[in-house]
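Here is how names work: the chains are called A, B, and so on, in the same order as the sequence lines, proteins then strands, and each is numbered from 1.
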There are 2 protein chains.
Amino acid sequence: MNAPDPMIRITTQRQILLEELGKTKNHPTACELYDMVRKRLPRIGLGTVYRNLELMADTGIILKLEVGGSQKRFDAEIEPHYHIRCCRCGKVENIEVDIIQDIVQSAAKKTSYDIIGHHVEFSGECPDCQDGSSKI
Amino acid sequence: MNAPDPMIRITTQRQILLEELGKTKNHPTACELYDMVRKRLPRIGLGTVYRNLELMADTGIILKLEVGGSQKRFDAEIEPHYHIRCCRCGKVENIEVDIIQDIVQSAAKKTSYDIIGHHVEFSGECPDCQDGSSKI
DNA sequence: ACTATATTGCAAATCATCCGCATTGGCGAA
DNA sequence: TTCGCCAATGCGGATGATTTGCAATATAGT
């Protein structure tokens, strides 16, 4: 029923983008990734970064994190896991809390949505911000 | 140590903003609220809406939802509760799942963050989108 | 190598949000 | 009740993040 998918080509920018994202444990924004990639591919455009992150997220190769804050963040780790976000500096890190397996089932009973997933996001002050605390 | 808080005045726009937010079970964006309020206060500025939502969220009168999607959403219900977001149309609704009380404690053991809260967001297809399904 | 077309770089357009500033309007004091 | 101070408003324009149009380029099948 659906038109044949247009071919997805393996381009240098896609390879490098994926490599750089895989290298970091942080959850970089598109701009941060742009800066990282630009060290190896100085002529890459920011639009290309956005387009390809979007594409890879749609394909399921990477994860687009729709967490708090004004920028989207990306993650090469696609196994489900939860995050914690510093409410002061906005940094996002993984947190090693077990996935709550049955939460989706119990939620499904409460709604007529067709639930496909869930995400838990903790918020707090990161160690760095707890030090230089009081006020920035 | 802190300067005396500047007085917070009860203005017409604040009252109406709060009333309109309280009226709805949806979780409107600033723009949606702007449209709602404008029916009663045609000359209100969008900036005022943003400023006051921000202020009321800081004061704790309302809740600013930092959920997925590109716009922030607001909620007059400030008791902790979880949300479900339609991955197709972006709508956000409450979901009547019990708050997981001890998740914060167990997370606290796993991180050196000073955890102050958490939020669970389910995603799925809302009933409306399940109907007109296949493609929009 | 050749071609069809997916992809890129660039710049300009959008979208959400915020800010500066002159004007307005709450509200405590007279 | 009126007065005056200063918080709050309505603008319009700035900002930051993301998207898009388009001509030039590069990938993959033949």
Side-chain angles (χ1 to χ4, degrees), chain A residues 3-18 20-21 27-59 61-74 85 89-92, chain B residues 2-18 20-21 27-59 61-62 64-74 85 89-92:
Chain A
D5 290 334
M7 144 186 303
I8 292 185
R9 292 179 177 166
I10 299 175
T11 65
T12 320
Q13 17 285 90
R14 281 177 191 165
Q15 281 180 125
I16 295 191
L17 201 44
L18 200 50
E20 291 298 320
L21 181 57
H27 302 72
T29 62
C31 284
E32 285 163 357
L33 237 358
Y34 175 54
D35 287 339
M36 293 161 68
V37 170
R38 222 161 15 149
K39 299 209 176 87
R40 297 171 58 187
L41 259 173
R43 298 191 54 74
I44 196 175
L46 182 54
T48 303
V49 172
Y50 272 105
R51 265 185 302 238
N52 284 329
L53 287 173
E54 192 66 31
L55 179 78
M56 297 195 290
D58 286 348
T59 319
I61 303 172
I62 66 171
L63 218 57
K64 172 162 61 167
L65 303 183
E66 304 238 354
V67 294
S70 53
Q71 288 157 279
K72 300 230 164 62
R73 292 172 173 277
F74 298 86
R85 196 169 85 87
C89 69
K91 169 168 51 187
V92 174
Chain B
N2 26 16
D5 289 333
M7 145 185 305
I8 292 187
R9 293 180 178 166
I10 300 176
T11 65
T12 322
Q13 16 286 88
R14 280 177 192 165
Q15 281 180 123
I16 296 190
L17 201 44
L18 201 50
E20 291 298 319
L21 182 57
H27 301 73
T29 62
C31 283
E32 285 163 357
L33 237 358
Y34 176 53
D35 287 338
M36 293 161 67
V37 171
R38 223 163 12 152
K39 298 208 176 89
R40 297 172 59 187
L41 227 72
R43 299 191 55 73
I44 196 176
L46 181 55
T48 303
V49 172
Y50 272 105
R51 265 185 303 238
N52 284 328
L53 287 173
E54 193 65 32
L55 179 76
M56 298 195 289
D58 286 348
T59 318
I61 304 173
I62 66 170
K64 172 160 62 168
L65 303 183
E66 304 238 354
V67 293
S70 53
Q71 289 155 280
K72 301 231 164 59
R73 292 172 173 276
F74 298 86
R85 196 168 84 89
C89 68
K91 170 169 49 187
V92 174

* Contact nearer the 5' end of DNA chain C, comparing B/Ser70 with A/Ile10 -> A/Ile10

Starting from [atom2] on [N], measure out to [atom1] on [X] and report it in whole angstrom.
X       : N      : atom1 : atom2 : result
A/Ile8  : C/dT8  : CD1   : C1'   : 16 Å
A/Met7  : C/dT3  : CE    : C1'   : 13 Å
B/Arg14 : C/dG26 : CZ    : P     : 11 Å
A/Gln15 : C/dT7  : CD    : C1'   : 14 Å
A/Gln71 : C/dC15 : CD    : C1'   : 15 Å
A/Ile16 : C/dT7  : CD1   : P     : 17 Å

* Using five pairs at either end of the helix from C/dA1-D/dT30 to C/dA30-D/dT1, determine the angle between the two local helix axes and round it to 10 degrees. => 40°

Side-chain donor-acceptor pairs of residues 45-55 of chain A under 3.5 Å, sequence neighbours excluded:
unit_1	atom_1	unit_2	atom_2	d
A/Asn52	OD1	A/Arg14	NE	2.8
A/Asn52	OD1	A/Arg14	NH2	3.3
A/Asn52	ND2	A/Thr48	O	3.3
A/Glu54	OE1	A/Lys64	NZ	3.1
A/Glu54	OE2	A/Lys64	NZ	3.0

* To do: For residues B/Glu66 and A/Gly69, report the shortest heavy-atom separation together with the two atoms involved.
  => OE1-N, 2.6 Å

Please state whether the phosphate of [N], meaning OP1 or OP2, lies under 4.0 angstrom from any side-chain nitrogen or oxygen of [X].
X       : N      : answer
A/Thr48 : C/dG9  : yes
B/Arg9  : C/dG25 : no
A/Gln13 : C/dG9  : yes

If you round to the nearest 0.5 Å, how far is [atom2] of [Y] from [atom1] of [X]?
X       : Y       : atom1 : atom2 : value
A/Glu32 : A/Gln71 : CD    : CD    : 7.0 Å
B/Thr29 : B/Lys72 : OG1   : NZ    : 12.0 Å
B/Arg73 : B/Lys91 : CZ    : NZ    : 10.0 Å
A/Tyr34 : A/Leu41 : OH    : CG    : 11.0 Å

* Reckon B/Arg51 touches a base, only the sugar-phosphate, or nothing at all at heavy-atom distances under 4.0 Å? -> base

* Using a 4.0 Å heavy-atom cut-off across all strands, classify B/Thr12 as base, sugar-phosphate, or nothing. => sugar-phosphate

* Let me know which of A/Leu21, A/Val92, A/Asp35 forms a side chain to side chain contact (heavy atoms under 4.5 Å, CB included) with A/Pro28. => A/Leu21

* **Residues in side-chain contact (heavy atoms from CB on, under 4.5 Å) contact with B/Leu18, at least two apart in sequence or another chain** => B/Met56, B/Ile61, B/Ile62

* To do: Sequence neighbours left out, what passes side-chain contact (heavy atoms from CB on, under 4.5 Å) with B/Glu20? Give chain and number order.
  => B/Ile16, B/Lys23, B/Leu33, B/Met36, B/Val37, B/Arg40

* Asked: chain B on DNA chain D: first and last contacting nucleotide, 5' to 3', under 4.0 Å to a heavy atom?
  -> D/dC6 to D/dC11

* DNA chain D-proximal residues of residues 30-46 of chain B, any heavy atom under 4.0 Å -> B/Arg43, B/Ile44, B/Gly45

